Amino acid sequence: MTATNLPGQPHIAYQGNTLCMEGVALPDVAAQFGTPVFAYSKASMLSALAAYQRGFAGRKVQICYAMKANANLAVLQIFAKAGCGFDIVSAGELARVLAAGGQPEKIIFSGVGKTRAEMKQALELGIGCFNVESEAELEVLNDVAVSLQKKAPVSLRVNPNVDPKTHPYISTGLKGNKFGVAHERALQIYQRAAALPGLAVVGIDCHIGSQITEATPYLDAMDRVLDLVTDIEAAGIPIHHIDFGGGLGINYNGDTPPAADQLWQQLFAKLDARGFGDRQFMIEPGRSLVGNAGVCLSEVVFMKPGEQKNFCIIDAAMNDLPRPAMYQAFHQILPVTPREGQSTVVDVVGPVCESGDWIGRDRELNVQAGDTLAVLSAGAYCMSMSSNYNTRGRAAEVLIDGTHVHLIRERETAADTFKGEHLV
Ligand SMILES: *Cc1c(COP(=O)(O)O)cnc(C)c1O
């Protein structure tokens, strides 16, 4: 049998006429677990992590997986076992890390709206760092820490005001964004933080956006952050770690982001040149660790030819795969068992009652009702953003490891979706 590899998808390939992930035929996964179902390749996640680790060889770097990209417990377990910490944004994520066996001291807590209750919980557990995003948050965190007679380890998320050249909804480091504190005010806020009794300044962080496909925004942000570190330390406040956030893009549709190891070679060249090479660093990658490790398998329910458009209606929808509706995002869509013959141009859509419920537009496909399609690059920001809209139970998730298929999340039943609701 001949294998046909797909660009950017080292662990997904056609073996003959069957789309496979690692050593497993994807049609068998659909048959066994039903559709829609997400399948993730463990080898793909670990090789994405290994690319970062190669780039960091001989350096002091803690990789904190940004778990909002894909928060399944088994996925977290893989990264925890591989030595990763976690970047969290809620008490719910904190509970997940603990349930998956992650270590509290390797947790960093990001987000613009941490509540007192969340701060208290994280402080009592002894997390590694709070990435503080505003002056108001700094004061409240100090309050909470003082009341617990603890010192909260803090880093300020600074907004370097660089354009990551990505979709506006996923650019986060520009002046008009809600994230972080302004570069111009950062030194003053550090001085305030250093004076507060409940806080211990440990670091500085930035995160400029997501699906970044060029090195330049990172290099620019790094310069801006290093300038600040210099100023803050000159003011007598030592910065123990520098956290450059996440954001590295993946290949969805011919995108060519730098490989993690090559990007970090470039970034370390700058760090070395500026005399920061031997510092403690942190990074918070999400999408680039899991995005291309996942596919969503979905069955074609009906073909609906029309005068202006032909629709291919599948059993996955915007509640399972929200990225096209949210950001006009592109996912490759492939038949798991291609047919011979002519393809037609179709819009692949879900059954949800919204015109925004499309998964792919103007795709050349040769499919019939009952066929199974694979929506690629579905490992990040799909299941973790899914909802029960239209009272659709969330899909099942499986982890593929060589020839083994582990069910890592059961399909939600209708009863699951209204659990906790009460008749009056
Ligand atoms: C979302 C997020 C990340 C991860 O972003 P990716 O683009 O998935 O790598 C990292 N840090 C923070 C603060 C985030 O909000």
Side-chain angles (χ1 to χ4, degrees), residues 45 48-49 51-52 55 61-72 75-76 79 84-90 92-94 97 106-114 122 127-134 137 154-160 162 164-174 177-181 203-215 217-218 221 225 241-252 255 257-260 263-264 267 281-294 322-323 326-327 329 377-385:
M45 295 183 205
L49 179 64
Y52 278 101
V61 184
Q62 176 64 54
I63 301 174
C64 290
Y65 168 53
M67 62 178 284
K68 72 178 192 291
N70 184 327
N72 184 287
V75 172
L76 304 184
F79 288 118
C84 292
F86 297 93
D87 175 44
I88 66 166
V89 292
S90 71
E93 288 196 343
L94 180 55
V97 172
K106 288 189 188 170
I107 292 175
I108 51 185
F109 195 165
S110 300
V112 296
K114 304 174 192 78
I127 67 157
C129 189
F130 289 84
N131 285 0
V132 170
E133 304 219 18
S134 65
E137 180 188 344
V154 298
S155 160
L156 279 186
R157 176 168 174 179
V158 298
N159 190 334
V162 301
K165 304 197 178 77
T166 183
H167 189 282
Y169 281 14
I170 49 177
S171 92
T172 57
L174 283 163
N177 292 131
K178 69 177 177 180
F179 301 100
V181 302
I204 189 166
D205 64 284
C206 75
H207 171 71
I208 55 175
S210 201
Q211 186 53 19
I212 299 168
T213 54
E214 295 170 38
Y218 280 107
V225 169
H241 75 246
I242 308 175
D243 173 352
F244 288 110
L248 182 58
I250 62 170
N251 180 358
Y252 284 104
D255 310 286
L263 173 68
W264 278 95
L267 292 174
F281 298 102
M282 313 244 259
I283 55 155
E284 309 163 354
R287 187 191 311 272
S288 53
L289 292 180
V290 293
N292 271 337
R323 298 185 63 259
M326 275 188 79
Y327 327 108
S377 311
Y381 303 108
C382 292
M383 187 52 146
S384 63
M385 283 185 151

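Not measured: the values here are computed from a predicted model. One-based numbering, in listed order, for ligands and for the atoms of each.
Val158 approaches Cys206 most closely through the heavy-atom pair O-CB, 3.5 Å. Closest approach of Val290 and Ala69 over heavy atoms only: CG2-CB, 3.9 Å. The heavy-atom pair separating Ala380 from Arg323 by the smallest distance is O-CD, 3.7 Å.
Assignment of Phe179 to the shell around ligand 1 is not supported, since no heavy atom sits closer than 4.0 Å.
Near Ala66, the atoms of ligand 1 lying under 4.0 angstrom from a non-hydrogen atom of the residue are 3 (C), 4 (C), 10 (C). For ligand 1, the atoms sitting less than 4.0 Å from at least one non-hydrogen atom of Pro285 are 9 (O), numbered in the order shown with element in parentheses. Listed by number with element, the atoms of ligand 1 under 4.0 Å from a non-hydrogen atom of Gly246 are 9 (O), 10 (C). Residue Ser110 approaches ligand 1 through these ligand atoms, each under 4.0 Å from one of its heavy atoms: 13 (C). Counting atoms of ligand 1 from 1 in the listed order, those under 4.0 Å from a heavy atom of Asp87 are 10 (C), 11 (N), 12 (C), 13 (C).
The closest non-hydrogen atom to atom 3 (C) of ligand 1, taken over Met67, Arg157, Arg287, His207, comes from His207. Comparing Glu133, Lys68, Glu284 by heavy-atom distance to atom 14 (C) of ligand 1, the nearest is Lys68. Between the choices Cys64, Gly247, Ala69, the shortest heavy-atom distance to atom 6 (P) of ligand 1 belongs to Gly247.
In this structure, a donor-acceptor pair under 3.5 Å is absent between the side chains of Ser110 and Arg157. A donor-acceptor pair shorter than 3.5 Å cannot be found between the side chains of Asp243 and Gln62. Side-chain contact, Ser377 with Asn292: a donor N or O sits under 3.5 Å from an acceptor N or O.
Of the protein's heavy atoms, Ser210 OG, 2.3 Å lies nearest to atom 7 (O) of ligand 1. Nearest protein heavy-atom neighbour of atom 8 (O) of ligand 1: Tyr381 OH, 2.6 Å.
Checked by distance only, ligand 1 and Gly286 come closer than 3.5 Å through their nitrogen or oxygen atoms.
When atom types are taken as modelled, the side chain of Asp205 and the backbone of Gly245 share no donor-acceptor pair closer than 3.5 angstrom. Between the side chain of His241 and the backbone N or O of Phe281 there is no donor-acceptor pair closer than 3.5 Å.
Note on ring orientation: taking the six-membered ring where Trp is involved, the planes of Phe244 and Trp264 are tilted (angle from 30° to 60°).
For Asn131, no heavy-atom contact with ligand 1 is shorter than 4.0 Å.
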